[in-house]
Amino acid sequence: MKPYNPHEIEPRLQQAWAEHDLYKVDETSTKPKKYVLEMFPYPSGDIHMGHVSNYTYGDVVARYSRMQGFNVLHPMGWDAFGLPAENAAIKHHSHPAVWTYQNIDTQMASFKRMGFSYDWDRTVMTCNPDYYRWGQWIFLKMWERGLVERRNSPVNWCPDCATVLANEQVIEGRCWRCNSEVEKRDLTQWYLKITDYAQELLDDLDQLKGWPERVKQQQANWIGRSEGAEVDFELVPKEGEAASADPELITVFTTRADTLFGCSFFVLAPEYEGLHDLVAGTEYGKPVMELVEAAKKISALERAQGDHEKHGVFTGRYVINPINGERVPIWVADYVIADYGTGAVMAVPCGDQRDFEFARKYDLPIIPIILSEDDPLYPELKDQEARVVTSVDWPEAYAAEGYLVQSGPYTGMLGGKHSPGEEAVVKTLEETGRGRRSVQFRLRDWLISRQRYWGNPIPAVHCEHCGVVPVPEEQLPVMLPEDIDLAAGETLATHEAFVNTTCPVCGKPAKRETDTMDTFTCSSWYYMRYTDPHNDKLPFDPAKANAWMPVDQYIGGIEHAILHLLYSRFFTKVLRDEGMLDFDEPFENLLCQGMVLDSHGEVMSKSKGNVVSPEEMIAGYGADAVRAAMLFMGPPDKEKLWNEDGLAGMYKFLCRIWRQVYDLVGDAGEETLYQEGATPEQAQASLDTLVRERHRVVGKVVDDFARNNFNTAIAAIMELSNAIGDYVRRCSAAERQASEFSREFDIEVAEVLVKLMAPIAPHWADELWQTALGHTDSVHTQAWPTYDLDKAKADEVELAVQVNGKVKARITVAADAQNDVIEASAREAVATDLDGKDVKKVVVVPGRLVNIVAK
RNA sequence: GCCCGGGUGGUGGAACGGCAGACACGUCGGUCUCAAAAACCGAUGCCGAAAGGUGUGCGGGUUCAAAUCCCGCCCCGGGCACCA
């Protein structure tokens with residue numbers, strides 16, 4: 001027997017696999033396709049345990065799929081643009097590319113050392129001009145389609161990263177990358193109109209049967225669809241000004257048009273456009289503008305922390321409530337968000353907690369117009385159409401469904417979101433032309449411009465005469481200049497050779513756009529590039545993308561539940577509308593792996609000094625043990641607490657089954673596990689068990705792999721190993737080769753064991769396949785073992801016998817015994833427990849138990 | 001506040017409504033050894049000497065039978081959040 005030495009076999013086999021192009025995609029294959037993909041890494045340094053777990057899951061799926069007869073695409077690449085590279089360049093007075101490519105080399109070596117089965121000929125690095133030119137190309141297509149916009153608005157600015165951020169990149173008022181507090185700034189920026197796809201992005205979540213519910217829920221939350229109505233309020237002219245024939249309107253969005261009778265004031269956001277004109281020249285101008293200034297100072301962080309006091313001032317102006325003609329005062333308050341709905345709200349303090357709090361603070365009337373039946377006011381107001389109670393003093397607003405009162409013709413109707421009352425009011429508004437159905441989304445357009453160097457340049461030119469114009473397709477890529485000294489404070493904007501160009505429309509001197517695109521644009525389509533990575537005419541050949549896509553199994557971290565996964569869905573839909581793709585969704589099945597934490601459940605970080613190094617683990621036990629230990633730790637979507645004891649245990653298991661394989665093939669030499677002393681009956685029983693386990697376990701592993709339950713698959717293989725252990729211990733080699741204990745069977749079991757382990761411990765398995773089992777090819781090109789569940793069945797089964805639900809005895813019966821036979825046997829077994837009792841009912845569950853109900 | 005997950009031995013975790021704790025780690029005992037390690041065997045939810053009792057966050061319910069289904073709570077994790 002050759003001893004198990006991972007440090008010798010792993011590098012040797014990795015080299016052999018590479019030499020034989022074992023994992024290279026065969027484009028001519030007629031096998032069904034399977035696209036297995038893990039989210040590509042950011043080259044931030046060497047790999048960490050999170051990478052090990054993520055890419056191990058993917059590798060198991062890929063290897064298993066190959067053995068199952070699929071033509072597997074399993075590529076790897078790097079999301080290589082981004083700020084950390086720039087920071088490193090500044091620190092080391094070098095270029096971001098140097099740091100990036102060094103890290104890519106390191107990570108690639110680690111991935112190879114883990115034995116991951118990638119087709120390395122398809123590697124994509126997003127900072128390579130061959131790749132990013134197509135990102136620019138897609139941007140131009142979006143521009144043509146009207147999905148690119150430049151506009152001025154308040155944006156999130158990270159002072160430390162010195163760039164703007166997308167909404168999705170602000171976590172509780174802080175930068176997703178550096179955790180700095182985000183500021184609001186008014187800037188002109190580039191946007192992708194993802195909101196054009198809001199409805200489809202929401203609707204198509206239903207198609208994603210293979211996605212975790214929580215991810216779909218998070219996306220639905222983020223998109224935030226809300227159904228309601230727009231209502232037009234007429235602006236009352238300033239005091240002393242004449243009424244116009246065509247009065248100005250201020251429109252609000254509301255989901256509760258049914259509460260219009262309870263509107264006792266009206267609120268504008270401090271950033272409301274036209275606010276200045278409303279108060280200009282009046283005594284209210286000064287306090288209003290003071291509030292506007294104060295509101296600017298409230299940081300996003302403070303807003304995110306919730307529970308702030310509301311501030312507001314009266315504008316001196318009024319609007320007319322379109323449902324009852326009442327004059328309503330207009331206030332400005334910092335609790336109204338400028339960029340949701342219309343930036344104006346009708347305030348109904350009796351039904352909305354925010355309006356309620358504001359009304360209390362500023363002593364505005366709280367008109368009861370919707371009540372629950374058990375409200376003490378209800379009997380009095382039940383039939384009141386006209387207003388008899390002008391204000392109430394409740395402890396809180398009544399936001400639930402209830403009955404409308406003091407609401408003119410709607411009195412008595414049921415009110416609430418999507419209620420008959422709401423529908424009736426909206427119908428009236430529509431008929432009178434004062435309102436209409438409307439849907440609002442929480443989702444904002446995607447701000448993609450970044451004021452950074454290490455990213456994909458936005459292909460646009462600013463011309464004095466022609467305005468902002470796209471760079472023509474044939475001039476792509478707009479290359480990032482390589483001669484830049486970031487440490488000396490140079491930026492794209494100061495790089496004259498880059499900035500100065502000519503206008504592609506009029507040919508006169510013009511300036512290049514100097515912002516780059518958010519790195520998330522690069523990662524929004526890389527999975528399509530893998531299907532055709534060397535194409536120099538298009539981002540990808542639609543035929544190839546349509547053949548490979550959608551990704552059958554996508555694997556990555558939950559932190560991308562919104563960001564990357566939402567953006568990728570958006571890009572896919574745009575490219576479909578562009579005619580390049582014939583599917584709606586890029587990722588058929590999604591596995592979100594849980595974080596790998598230290599043994600105390602803490603996040604691993606350099607500052608805590610608790611980082612576990614994959615390299616050290618491999619150096620200690622080999623890549624196969626690391627892979628298997630990670631898989632065995634628990635379900636992939638749960639958090640994993642890494643502990644080295646589990647790794648040591650897995651190494652022992654690999655050693656044990658290594659010996660078992662040699663024992664089964666009869667080449668164990670002195671190291672045979674046989675122990676004398678078993679009776680012929682025991683030997684026979686262990687053989688019978690092994691025959692059944694061989695089939696049962698293969699079936700179980702197939703089921704478990706189908707559900708990504710790698711931990712229970714390994715547990716099942718351990719059970720097979722336990723059965724092998726009993727067998728080789730009790731039956732001597734001579735016995736096993738005698739007629740009934742056939743050598744063929746021993747070899748079959750050994751081969752089954754090796755194949756089951758092949759996706760999990762690929763080096764271990766391939767070495768045994770070739771050395772112990774004497775094959776000349778690789779186990780990774782073999783077919784997955786077959787199984788027959790009929791052969792997994794025992795002749796006899798043990799059943800539990802319960803009396804009134806409690807186990808009192810056990811009986812052994814023939815597997816195919818009839819229920820009456822089982823019942824008789826069961827009654828006999830618990831005769832003493834039934835003594836003096838009346839049997840009311842007997843439930844026989846074949847193969848499991850018998851429950852006798854007796855009194 | 002709203003929306004998702006999740007609470008099972010000392011630990012990681014298993015359980016189509018059908019014997020709770022598979023499979024491991026750990027611990028204890030044994031074999032081997034001068035000894036130790038390794039390897040192998042056995043025990044191991046809790047209480048109890050045993051018989052037996054008890055047990056899946058808490059309280060109810062449905063069922064012959066509930067970790068699993070239903071109702072009401074508690075706790076932990078995540079997402080959204082002044083979104084009208």
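Throughout, a chain's letter reflects where its sequence line sits, starting with A, and its residues are numbered from 1.
Comparing the C1' positions of G7(B) and C58(B) gives a spacing of 12 Å, expressed to the nearest Å. Taking atom C1' in both A81(B) and C2(B), one finds a spacing of 8 Å when rounded to whole Å. Using atom P as the reference point in both G26(B) and C34(B), the two lie 27 Å apart (nearest Å).
Note on Asn804(A): nothing from the nucleic acid sits closer than 4.0 angstrom, heavy atoms only. Within 4.0 Å (heavy atoms only), Arg442(A) reaches at least one base atom of the nucleic acid. Note on Arg810(A): a base of the nucleic acid sits closer than 4.0 angstrom, heavy atoms only.
Not counting sequence neighbours, Phe356(A) has no partner by the ring-ring contact (aromatic ring centres under 6.0 Å, His included) test. Under the side-chain contact (heavy atoms from CB on, under 4.5 Å) criterion, Thr672(A) pairs with Asp663(A), Ala668(A), Tyr674(A), not counting sequence neighbours.
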Polar pairs (N or O, both sides) under 3.5 Å between protein and nucleotides 51-55 of chain B?
{"residue": "U54(B)", "atom": "OP2", "partner": "Lys806(A)", "partner atom": "NZ", "Å": "3.1"}

For nucleotides 27-33 of chain B, which of its nitrogen or oxygen atoms have a protein nitrogen or oxygen under 3.5 Å away, and what is each distance?
none

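Applying the salt bridge (charged side-chain N to carboxylate O under 4.0 Å, His left out) definition to pairs two or more places apart or across chains, those involving residues 715-730 of chain A are Arg696(A)-Glu719(A), Asp726(A)-Arg729(A). Sorted by first and then second residue, the side chain to side chain donor-acceptor pair (under 3.5 Å) pairs involving residues 704-715 of chain A (not counting sequence neighbours) are Lys700(A)-Asp704(A), Asp704(A)-Arg707(A), Asp704(A)-Thr712(A). Within the structure, the side chain to side chain donor-acceptor pair (under 3.5 Å) test picks out the following pairs touching residues 212-230 of chain A (sequence neighbours left out): Glu168(A)-Trp222(A), Gln199(A)-Arg225(A), Gln219(A)-Arg569(A), Arg225(A)-Glu227(A), Glu230(A)-Arg436(A). Under the salt bridge (charged side-chain N to carboxylate O under 4.0 Å, His left out) criterion, no residue pair touches residues 628-655 of chain A, with sequence neighbours excluded.
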**Message:** Could you walk me through whether Glu357(A) and Lys310(A) satisfy the salt bridge (charged side-chain N to carboxylate O under 4.0 Å, His left out) test, starting with their C-alpha distance in whole Å, then the side-chain angles of each, then the deciding distance to 0.1 Å, before giving a yes or no?
**Reply:** CA-CA 8 Å; Glu357(A) 284 164 14; Lys310(A) 297 169 175 55; 2.9 Å; yes
**Fill in**
Given Watson-Crick and G-U pairs under 3.5 Å, RNA chain B in dot-bracket ([ ] crossing, | other strand) is (((((((..(((.....[....)))((((((.......))))))(((....)))..(((((..]....))))))))))))....
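For Lys310(A) and C82(B), a side-chain-to-base donor-acceptor distance below 3.5 Å is present, hydrogens and geometry of angles not being considered.
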**Contact letters for nucleotides 12-18 of chain B, in which S counts primed atoms plus P, OP1 and OP2 and B counts the base, heavy atoms under 4.0 Å** = BSS-B-B
Please set out all donor-acceptor pairs under 3.5 angstrom arising from side-chain atoms of residues 253-262 of chain A, sequence neighbours excluded.
{"residue": "Thr254(A)", "atom": "OG1", "partner": "Arg256(A)", "partner atom": "N", "Å": "2.8"}
{"residue": "Arg256(A)", "atom": "NE", "partner": "Asp258(A)", "partner atom": "OD1", "Å": "3.1"}
{"residue": "Arg256(A)", "atom": "NE", "partner": "Asp258(A)", "partner atom": "OD2", "Å": "3.3"}
{"residue": "Arg256(A)", "atom": "NH1", "partner": "Ala399(A)", "partner atom": "O", "Å": "3.4"}
{"residue": "Arg256(A)", "atom": "NH2", "partner": "Asp258(A)", "partner atom": "OD2", "Å": "3.1"}
{"residue": "Asp258(A)", "atom": "OD2", "partner": "Gly416(A)", "partner atom": "N", "Å": "2.9"}
{"residue": "Thr259(A)", "atom": "OG1", "partner": "Arg256(A)", "partner atom": "O", "Å": "2.7"}

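Between Phe266(A) and Trp331(A), the ring center distance fails the sub-6.0 Å criterion.
Annotation: proximity of residues 338-358 of chain A to RNA chain B (heavy atom, distance under 4.0 Å) is found for Tyr340(A), Val345(A), Arg354(A), numbered in ascending order.
Between the OG1 atom in Thr689(A) and the CG atom in Asn722(A) there is a gap of 11.5 Å [rounded to 0.5 Å].
Glycosidic conformation of G9(B) is syn; the angle stays within 90° of 0.
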